[in-house]
Amino acid sequence: MINPLTGRVHTSYHQAVTATGRLSSTDPNLQNIPVRNDEGRRIRQAFIAGKGNRIVAADYSQIELRIMAHLSQDKGLLDAFAHGEDIHRATASEVFGVALDKVSGEQRRSAKAINFGLIYGMSAFGLSRQLNIGAGEAKRYMDLYFERYPGVLRYMENTRQLAASKGYVETLDGRRLWLPDINSSNAIRRKAAERAAINAPMQGTAADIIKRAMIAVDDWLQQRNDGAIRMIMQVHDELVFEVQGDEVESASEQIRALMEGSMKLDVPLQVEVGVGENWDEAH
DNA sequence: ATTCAAGGCGCG
DNA sequence: AAAGCGCGCCTTGAAT
C-alpha cells in the first residue's frame with residue numbers, strides 16, 4: 001500500500017460514515033493498529049518519523065468521562081476532575097468507601113470497569129461478566145456508584161426519557177443520532193437503542209471536540225506555511241504529527257493549547273503529549 | 001471472479 | 001432472550 005510518489009502509506013479518512021460523528025479510516029485502517037501488548041507495540045514501532053523529524057502524539061485524557069461530568073453536572077465527578085484526580089482511583093474510593101491512598105489495585109480495576117461500562121450503558125449483568133463476579137455483587141457496585149454520583153444516575157434517566165420523547169439524542173455541537181428503536185415494543189431492540197442513546201452524546205461530543213481541534217491546528221499550520229509541522233493521523237482521541245526536530249518543543253505546547261482549548265467545558269480538558277522516533281515511543 | 005453475511009479480532 | 005458503544009479487515013462458506 002506504499003504510494004510510489006511519496007514512498008509512504010496513506011489512509012483515507014471518511015467524515016460521513018459513523019453514527020456518532022467520529023471519522024473512520026480505510027485502505028488501510030490506521031485507527032486499529034495494535035498497541036495493547038508487546039507484539040502489537042512492535043508493529044507500532046514501524047511507524048517512523050523521517051530523517052531529522054520526530055513523531056509527536058497528543059491524546060485527550062479521559063475525554064468521555066470528562067464529557068459525562070459536564071453533561072451530568074454531577075458534583076462529585078466535576079470535583080474529581082477539577083482537582084486533577086486519578087478518576088478511576090477516585091471512583092474506587094467513593095464506591096468502596098476507602099481513602100484515596102488505600103485503594104487496592106483490584107478496587108481500581110473494578111472502578112475502571114464501572115466507569116467504562118457507564119459510558120456504554122452497561123447493565124449490572126454486563127459488569128458481573130466483565131469483572132467475573134456474581135450478579136448480586138455487581139448490582140451492589142452499581143447501586144453504590146449511583147448513590148455516590150447521583151447526578152450521573154439522573155443524567156442517564158433523563159437521556160433515556162429525552163430520547164424516547166424526541167426520537168433522537170444530540171452532542172454538544174448539535175449532531176443528532178436518530179433512534180428509531182427507542183420506543184420499540186421489542187425489549188431487546190429498545191434496550192439496545194437506550195444504550196446507543198446514552199453513549200452517543202459522550203462519544204459524539206468527543207468527536208466534536210477533536211474535530212474543532214483539528215480545524216484550529218490546521219488554521220495555525222496554514223499560517224506558518226513552512227511544512228515543519230504536519231498533522232498526519234487522527235485516532236479518535238489522538239492526533240499524530242510529524243515535526244522537525246528543532247520545532248518539537250514549541251509545537252508540542254501549541255498543539256496541547258489548541259486541543260485543550262478546543263471547547264470550554266465545566267471540567268478542564270487534559271492532553272498528554274509524547275515524542276519519539278516512532279509512534280510507539282511517542283506514547 | 002465477485003458479492004454477501006457471519007464470526008473473530010484489532011483499535012478508541 | 002439478551003445482556004457494552006463506535007468502527008474496518010480477514011477468513012470462511014455459500015450464492016451469484
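So that the names make sense, note that chain A is the first sequence line, chain B the second, and so on, each numbered from 1.
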Practice problem: Specify the separation, in whole Å, of atom OH of A:Tyr13 and atom C1' of C:dG6. | Solution: 16 Å
Exercise. Assess the pair A:Tyr141 and A:Tyr145: is the distance between their ring centroids shorter than 6.0 Å?
Key: no
Quiz prompt | Euclidean distance, atom CG of residue A:Leu239 to atom P of B:dG12 [Å, nearest integer] | solution = 14 Å
Quiz item: With no hydrogens and no angle check, is any side-chain donor or acceptor of A:Arg8 less than 3.5 Å from a backbone partner on A:Ile2?
Solution: no
Practice problem: With the side chain of A:Asn199 defined as its heavy atoms from C-beta on, choose the nearest nucleotide among C:dC7, C:dG8, C:dC5. | Solution: C:dC5
Exercise. Measure from CG on A:Asn29 to P on C:dG6 and round the result to the nearest Å.
Key: 17 Å
Exercise. Using a heavy-atom cut-off of under 4.0 Å over every strand shown, decide if A:Arg129 touches base, sugar-phosphate, or nothing.
Key: nothing
Quiz item: Counting side-chain heavy atoms from CB outward, which of C:dC9, C:dA2, B:dC11 is closest to A:Asp27?
Solution: C:dC9
Quiz item: Which of the following nucleotides, C:dA2, C:dA3, C:dC7, is nearest to the side chain of A:Ala19?
Solution: C:dC7
Quiz item: Given atom CZ of A:Phe116 and atom P of C:dA3, what is their separation to the nearest angstrom?
Solution: 21 Å
Quiz item: Base, sugar-phosphate, or nothing for A:Asp59, non-hydrogen atoms under 4.0 angstrom?
Solution: nothing
Quiz prompt | Rounded distance (nearest 0.5 Å) linking atom CD1 of A:Ile182 with atom NZ of A:Lys166 | solution = 13.5 Å
Quiz item: Charged N to carboxylate O under 4.0 angstrom, A:Glu253 versus A:Arg256?
Solution: yes
Practice problem: Mind calculating the distance between CD1 (A:Ile43) and P (B:dC11) to the nearest angstrom? | Solution: 9 Å
Exercise. Scan A:Ile119 against the nucleic acid and name what it touches under 4.0 Å (heavy atoms): base, sugar-phosphate only, or nothing.
Key: nothing
Self-check item: Under 3.5 Å donor-acceptor pair, A:Arg195 side-chain atoms to C:dG6 base atoms
Solution: no
Quiz item: Whole Å only: how far is the CD1 atom of A:Ile33 from the P atom of C:dG8?
Solution: 14 Å
Exercise. Considering only atom P, compute the distance from B:dA6 to C:dA2 and round it to an integer number of Å.
Key: 15 Å
Self-check item: Atom-pair distance (CD on A:Gln31; C1' on C:dC9), nearest Å
Solution: 13 Å
Exercise. Answer yes or no: side-chain N or O of A:Gln203 and base N or O of C:dC5 forming a donor-acceptor pair under 3.5 Å.
Key: yes
Exercise. Could you go through the side-chain hydrogen bond (donor to acceptor under 3.5 Å, both in side chains) check for A:His236 and A:Gln203 one step at a time?
Key: CA-CA 9 Å; A:His236 308 306; A:Gln203 185 180 131; over 6 Å; no
Practice problem: Please report the C-alpha distance between A:Gln45 and A:Asn278 in whole Å, then the side-chain angles of each, then the deciding distance to 0.1 Å, and finally whether the side-chain hydrogen bond (donor to acceptor under 3.5 Å, both in side chains) criterion is met. | Solution: CA-CA 5 Å; A:Gln45 288 162 15; A:Asn278 62 59; 5.5 Å; no
Exercise. Can you check whether any acceptor in the base of B:dG12 is under 3.5 Å from a donor in the side chain of A:Arg22, or vice versa?
Key: yes
Quiz item: Cut-off 3.5 Å, side chains only: do A:His283 and A:Glu238 have a donor facing an acceptor?
Solution: yes
Quiz prompt | 5' precedence on DNA chain C between A:Ala196 and A:Phe125 (nearest-nucleotide basis) | solution = A:Phe125
Quiz item: Quick one: CG on A:Leu127 to CD on A:Glu137, what's the gap to the nearest 0.5 Å?
Solution: 9.0 Å
Exercise. Runs of at least three consecutive Watson-Crick or G-U pairs, both distances under 3.5 Å, are what I'm after; which ones involve DNA chain C?
Key: B:1-12 with C:5-16
